[in-house]
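Shown next, in structure tokens, is the structure this report addresses.
Chain letters run A, B, ... following the sequence lines, proteins first and then strands; every chain starts at 1.
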Number of protein chains: 6
Amino acid sequence: MKIAIYPGSFDPITNGHLDIIERASVIFDKLIVSVAANAEKGSPLFTREERENMIKETVAHLPCVEVDSFSGLMVDHAIHHGAVAAIRGLRALSDFEFEFKMALMNRSLKEEISTLFLMPHAKYTHVSSSMVREAASLGGAVTEYVPAHVDSALKEKYSHG
Amino acid sequence: MKIAIYPGSFDPITNGHLDIIERASVIFDKLIVSVAANAEKGSPLFTREERENMIKETVAHLPCVEVDSFSGLMVDHAIHHGAVAAIRGLRALSDFEFEFKMALMNRSLKEEISTLFLMPHAKYTHVSSSMVREAASLGGAVTEYVPAHVDSALKEKYSHG
Amino acid sequence: MKIAIYPGSFDPITNGHLDIIERASVIFDKLIVSVAANAEKGSPLFTREERENMIKETVAHLPCVEVDSFSGLMVDHAIHHGAVAAIRGLRALSDFEFEFKMALMNRSLKEEISTLFLMPHAKYTHVSSSMVREAASLGGAVTEYVPAHVDSALKEKYSHG
Amino acid sequence: MKIAIYPGSFDPITNGHLDIIERASVIFDKLIVSVAANAEKGSPLFTREERENMIKETVAHLPCVEVDSFSGLMVDHAIHHGAVAAIRGLRALSDFEFEFKMALMNRSLKEEISTLFLMPHAKYTHVSSSMVREAASLGGAVTEYVPAHVDSALKEKYSHG
Amino acid sequence: MKIAIYPGSFDPITNGHLDIIERASVIFDKLIVSVAANAEKGSPLFTREERENMIKETVAHLPCVEVDSFSGLMVDHAIHHGAVAAIRGLRALSDFEFEFKMALMNRSLKEEISTLFLMPHAKYTHVSSSMVREAASLGGAVTEYVPAHVDSALKEKYSHG
Amino acid sequence: MKIAIYPGSFDPITNGHLDIIERASVIFDKLIVSVAANAEKGSPLFTREERENMIKETVAHLPCVEVDSFSGLMVDHAIHHGAVAAIRGLRALSDFEFEFKMALMNRSLKEEISTLFLMPHAKYTHVSSSMVREAASLGGAVTEYVPAHVDSALKEKYSHG
């Protein structure tokens, strides 16, 4: 059985992430979507639990997809799950640079995990969690870019902001 | 059984290609390395047959890897083999741009084929078939970058050049 | 009256070009789409006349758009038309580099012409005339990326190829 | 009458911004330079009022240019003014990436606003508000890159720093 | 006597930095490695003194290399030392963009200092101080990327973290 | 005595090249500007002799600069001259990618030669030999970008074209 891990912040999950998940779930027998819970990237909008729950609701139709979270090194978490590959989405150049360095670093930390990059559909090229948060915080409609329940969660967050 | 295709010019195969093949062969049950035989990219240094044979010799230790060639659309060839994914190596930015467009175009031509990108080992970041050809044609040693039998084939080609 | 020129090879015109034209035609009082007829870029697939005619058919619904062609410096042609700006589409990074240099060069050749960049819709990010030609030449369906009459012209060209 | 908006932080306005404003003011009948007053980007060096006033002094010779500020979505502010286009300066690759995503996001938020990119003169390619602030804070001379009154304002800020 | 300065944060020094230093020390008669002590980049992991001492221990085998630190403009510090050039390492695209702007800004601040870029060995392309800090903080082994005494210092820091 | 080589096509030399040469001649005791005479890049506009002579006339005021040409590997030519470094100009991103790969390849061919990159003045960022040739061939004025004698040579070439 071929297992892959898809690590990320998912703050919150977008339709671009979902597109990657659906594609990866065809390629692998089991896909684990893992929320990175390291504190160093500033305070997230959604808690680790909220993010995990939003992903679970989003992937409920995909039986081979599991959701969890991790702290520590991603590659250690991947090996713990018996994964042979880590999945990353590549949208644009700025992703590329960062991901390139991370993939090489991860490869040197644990040689047995390969990083695989997938590109989301062209219509999601410009969609990122941070853009979605910024647009939503300013009152913009992001219905097109996130699942309906995430849209509701964003409205809830910012109406109390 | 999960099948992937790894299409390319392989003119000639390098150790960077081999690194990608070895990694992909762990992830998939079967990997087909396919020489793109479209004439439009100028005249290759090695014929289609020479390129196929050099790949076969290079991957002889990998039982789940097959080698063939194709003309026409890569995605049609992938579907013909029952592949769920096409593998591409990403070395650097210039690869990224071109591959990004190709992946989106291929996805729109045949929705069912995903393009997966892998990065070769850092020591092969700067190695490409064209750099190897150029260095070899000027008398430079490329032993570090290609299998020994490819090194011999390059010397043969350029001594008759 | 504010006039702009949109120069390019248009070999052939794509839906990405049309998207740029429709947007620019809202911003300017008159837009001149100009086929660059310089011979130095290798032999085009379509003749200058075929390209002009395909554009004319494509923009027939836009009364403020004119179509012509030019040889020589684009900025001289722009000034001949009384244009204040040259329009260019920006799809991706590789465009950016080339266009950046061209815009600076053109600015230094004729200070009075500004280059304005527009981005086509996300769904056309990966669409270029050369990709369309390559896909069509290999039998791929490009219906989604070019006007219907251009699709027919491509099929005609490649069935006689 | 064709109206455009030029949104930005302008913290402070540089000669590169002025170059863009002068070029855009030839192309449009009215240009509104709008200070983005969203708080989320950390604390600016100059207040919203200081930034607006510095721009007003800088563009006093351009009768068709107005200056204001906005909070909320830029595209809503653009529509409020009846603008058909938003102007952005493109200096370099890093601009391109960010602007590309913003332009696509803005286009999807409000289809009727096009983003137009202009390049400043080559001599301003490397000039940004943040570089100017950093150089000025360390005692470097930035006379070449900002209007004289901005230079004075920077010296005033940092002598009290 | 040709003197060069190699400014940087060195928080901490990596084997990639050492590779640049060894190459630059062949080209120049004297090389001054200078820790930038400006406070604006957030709080460093190691103090200015710790960083200077780690560099001194790392370059002890290179007699023509001196180590110090500076605040204020790097170009002023370079001129104070009689340097004709500032050395910077270029690993990847993101470096390029930032360094490009800095080099142009520094050139305009002090015309007499040229910025020279060197590339580290391919095996260090993905190694940066921030990646090393992040990996070490999560318990990853970075022995391959930093001198042994830096590895110890990182372990010490994070065990008390 | 520290010697460097500055290899290139110089078809023809531009003011951007001259800017690099003047800066490098301050850093090194001797600088050898070397015309790459490999035939594989298509037919140059100017012959090897014309290119060498145009460089010689351009650098006549710089006593420590010599001019020659080479075929074969650049690094072999550098070692033949006793050079410790090869100089390359970096204008923009597209240069970076290509130069990055060449520098790594050259380093692996001959470990003892370091590649040093310099950036030309901002006003030459967009100036390349190919842009100059294209503008001149279309009748554009390139006086600002090349020495006067090169301008004359370009006019001569294209009036006979």
Worksheet item: Going by distance alone, is a donor N or O of one side chain under 3.5 Å from an acceptor N or O of the other, for D:H77 and D:D68?
Response: yes

Discussion item. Regarding C:E22 and C:H61, do their side chains bring together a donor and an acceptor under 3.5 Å, going by distance alone?
Written reply: yes

Worksheet item: Looking at C:I87, C:I3, C:D19, C:V84, which makes the most heavy-atom pairs under 4.5 Å with chain D?
Response: C:D19

Discussion item. With no hydrogens and no angle check, just 3.5 Å: does a side-chain donor-acceptor pair link D:T14 and D:H17?
Written reply: yes

Item to complete: Check whether C:S114 gets within reach of chain D through its side chain, its backbone, both or neither, counting any heavy atom under 4.5 Å.
Response: both

Practice prompt. Just give me the residue among D:I27, D:T115, D:D29, D:L118 that pairs up with chain C most often, heavy atom to heavy atom, under 4.5 Å.
Written response: D:I27

Item to complete: Using the salt bridge (charged side-chain N to carboxylate O under 4.0 Å, His left out) rule, take C:E50 and C:K157 through it: C-alpha gap first, then chi angles, then the decisive distance, then the call.
Response: CA-CA 12 Å; C:E50 287 172 324; C:K157 277 281 172 195; 3.4 Å; yes

Item to complete: Please state whether the side chain, the backbone, both or neither of C:I113 comes within less than 4.5 Å of a heavy atom of chain D.
Response: backbone

